[in-house]
Amino acid sequence: MSATVTYRDITKSYGDVTAVRGFDLEVADGEFLVLVGPSGCGKSTLLRMTAGLERITSGDLEIGGRRVNDQEAGDRDVAMVFQNYALYPHRSVRGNLSYALRLRRLPRAVVDRKVEAVAGMLELSDLLDRRPGQLSGGQAQRVALGRAIVRQPAVFLMDEPLSNLDAKLRAQMRTELVRLHRTVRTTTIYVTHDQVEAMTMGTRIVVLDKGELQQVGTPREVYHRPANLFVATFMGAPPMNVIDAGLQRVGDDLAAVTDGVVAPLPPSVARAVEASGTDRSVVLGLRPEDLRVDNSPDLPRPDEVTVVGEVDVVELLGGEAYLHVLCGAQRLTAKIPADTEPAPGERVRLVAPRSKAYLFDAATTRLLGTGHTDPVEVSA
Amino acid sequence: MTAAAPTEGRRRRRGGAGYTRKEVLVAYGLLAVPLLGTLLFRILPGLGSFWLSFTKWNLITAPEVVGLDNFRRMLDDPLFWKATLNTVYYVGVTVPLVVVVSLAMALLLNRKIRGLGFFRTVYFLPVVSSMVAVAVMWRWMLNPDYGLVNAGLAVLGIDGPSWLGDSTWAMPSIILVSVWREVGFYMIILLAALQGVPRNLLEAAAIDGAGPWQRFWGVTFPMISPSVFLVSIMALINNFQAFDLMYVMTEGGPQNATTNLVVYLYQQGFQYFDIGYGSAIALVLFAMILAVTLVQWRVGERRVVY
């Protein structure tokens, strides 16, 4: 039933504007692939091209090994869940769920059986005779999902399906969708601008920006080994701190240094940086959760990144706090336990293990290296 | 909040429904103008006509109350029945035609085609043209000897009839002209409705496997059904009251083939100065329109699905 989806050099332009440029990707059968990126990055266009709602300007799209560029949406065996659900307002929930099946002229008994089964799975059995206007947001969302599932298509396409729900329901539906995917095992391409959804739901994440693919990988890979500054700052909340720095020798080690910041590089990163032949300007990346406050007098230590600055604002979130620190012209955020929070105006030292530092080329924004070792890679 | 609360209280006390006395006066003042117009030119003449339908009045001597005489006279008046039949014929053909043609045109103009603004303007032009000018122009177009229509037919080798002079062709000719004139107006209403159909719904139906025809009947038509309903009621009421075209193009002829109820009541009232009989016919016409609209409303309520 389920199928692979292959994108080969897919480009979409509207006149002079290119929405998607040279997109290549192989989506495995049964995969839950998340396309993530800021608005206007081309993710929805890509999804709509997959559905057959937009024509592909150039390149080949294959579903289940068949080229579908010239196939009508209805012939591609895909189902789509829209952001605003797009339920037929004049049909009951039952009518919405059965429409596609009835168009295929399935026998009435079969249609009824399938609709009842899906309604049972999504807890819609009591709502079958309601109209969409009488449903809550969460119920409408489930009907939209049901309408896709009941067809048992080769591919599910989902266009920000959770963005119209309130935060609590969204979190709940996230896990429900993951569970659902585990049950039906159908290839799913899921578009979102929400990096939390991307991290929690995807078996793989595709990060897009300005119509171009930035990185493909598992959530772990994308988070711990971002290919460039865009991916590094897009994934993660609060976003990674980025600090313009220069390369200097401190003692025997190479270090990224700027006002109040000293970041000795692990030997592997130092070698990578030297091999890349970059000039002396780099961007240092530090995740807020890797920073902690340490005001002991023996700083800096050779195996730690040290940042000295003044506390600007403290945001208390309950168990933890965001510490916003001014360090020369740069502003950093640290995520710290709430019981250790310093007061605004206080001078603090923030430290992070040097293995947690990321180094990017200032000119190309590419990742030069990080001492960060992915737990999965270690075990592998 | 603390500042707003007393204001709220005062408003409630003085205005009743949350308005100050001044706001209420201004509102009624503004409402008075159209209300007065409606009262003077619609309701009072209507009531007057209602009363006159029970009288005999020649516009000169005082009206004489004759009870139900005028209505009894209708029963035995072959011309009244002919006019009623003509009205039903005219309405029965014109209204469905107008609805179907204007919907078809709205569908065509709802696409992204070249010269869209031009076509929309062209189709709307007849609506804003003077009815008498339209009638005169079409009388010339349909002239059997030098009219454009028969000249065109002659090119195809067809010998066109005397459109307005033939009792078989006169009514179809008038129906044609009235469809031509009205569709632009209803097209605009339906076009607005079509543009209100969410694109996502049509896309969802396309992905569900619906072809263009199934998308129209499965999504588009149900979504615009309130507007189609509105258009058919408006067209129905307007065409029951049709007068100008018949009056200018054929004066109800030939052999009363285009005399509908309005033309007939006009003839009775203002040519034969039998205001009482004319008023009685008007009252019957009113009852007919009311009845048909009520039936349509009942059916529509069940059919309009969204």
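Bear in mind the structure is a predicted one, so any value in this text is a computation, not a measurement. Proteins get letters first, then strands, A, B, ... in listed order; numbering begins at 1 in each.
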Requested in this report: Test B:D208 against A:R147 for side chain to side chain contact (heavy atoms under 4.5 Å, CB included), laying out the working first.
Outcome: CA-CA 9 Å; B:D208 272 347; A:R147 192 171 62 177; 3.9 Å; yes

Report task. Ignoring hydrogens and angles, tell me if any N or O in the side chain of A:R91 forms a donor-acceptor pair with the backbone of B:G218 under 3.5 Å. Result -> yes

Query raised in the report: By a 4.5 Å heavy-atom criterion (distance strictly below it), what part of A:R76 contacts chain B: side chain, backbone, both, or neither?
Result: neither

Query raised in the report: Does atom CZ of A:F32 have more than 12 heavy-atom neighbours from other groups under 6.0 Å away?
Result: yes

Report task. Please flag which part of A:Y99 lies under 4.5 Å from any non-hydrogen atom of chain B: side chain, backbone, both or neither. Result -> side chain

Query raised in the report: Within a reach of under 6.0 Å around CZ of A:R66, are more than 12 heavy atoms found that belong to other residues, nucleotides or ligands?
Result: no

Query raised in the report: Does atom CD of B:Q195 have more than 12 heavy-atom neighbours from other groups under 6.0 Å away?
Result: yes

Requested in this report: Under 4.5 Å heavy-atom distance to chain B, tell me which part of A:L157 shows up: side chain, backbone, both or neither.
Outcome: neither

Report summary line: Note: vs chain A, highest number of non-hydrogen pairs under 4.5 angstrom among B:A206, B:A204, B:G211, B:G209 is B:A204

Requested in this report: Give the minimum heavy-atom separation between B:I207 and A:A51, together with the two atoms involved.
Outcome: CD1-CB, 3.9 Å

Report task. Apply side chain to side chain contact (heavy atoms under 4.5 Å, CB included) to A:F82 and B:E203, showing your working. Result -> CA-CA 10 Å; A:F82 290 82; B:E203 290 175 346; 3.6 Å; yes

Query - pair A:H90-B:S225: side-chain heavy atoms closer than 4.5 Å - result: no

Query - Minimum heavy-atom distance A:P89-B:L201, with the two atoms named - result: CD-CD1, 3.6 Å

Requested in this report: For atom CZ of B:F286, decide whether the heavy atoms of other residues, nucleotides or ligands shown that lie under 6.0 angstrom number more than 12.
Outcome: no

Query raised in the report: Does atom CG of A:D166 have more than 12 heavy-atom neighbours from other groups under 6.0 Å away?
Result: yes

Report task. Give a yes or no on this: more than 12 heavy atoms of other residues, nucleotides or ligands lie within 6.0 Å of atom CD of A:Q134. Result -> yes

Report task. Could you check which of B:L202, B:N200, B:V219 has the highest count of heavy-atom pairs closer than 4.5 Å to chain A? Result -> B:N200

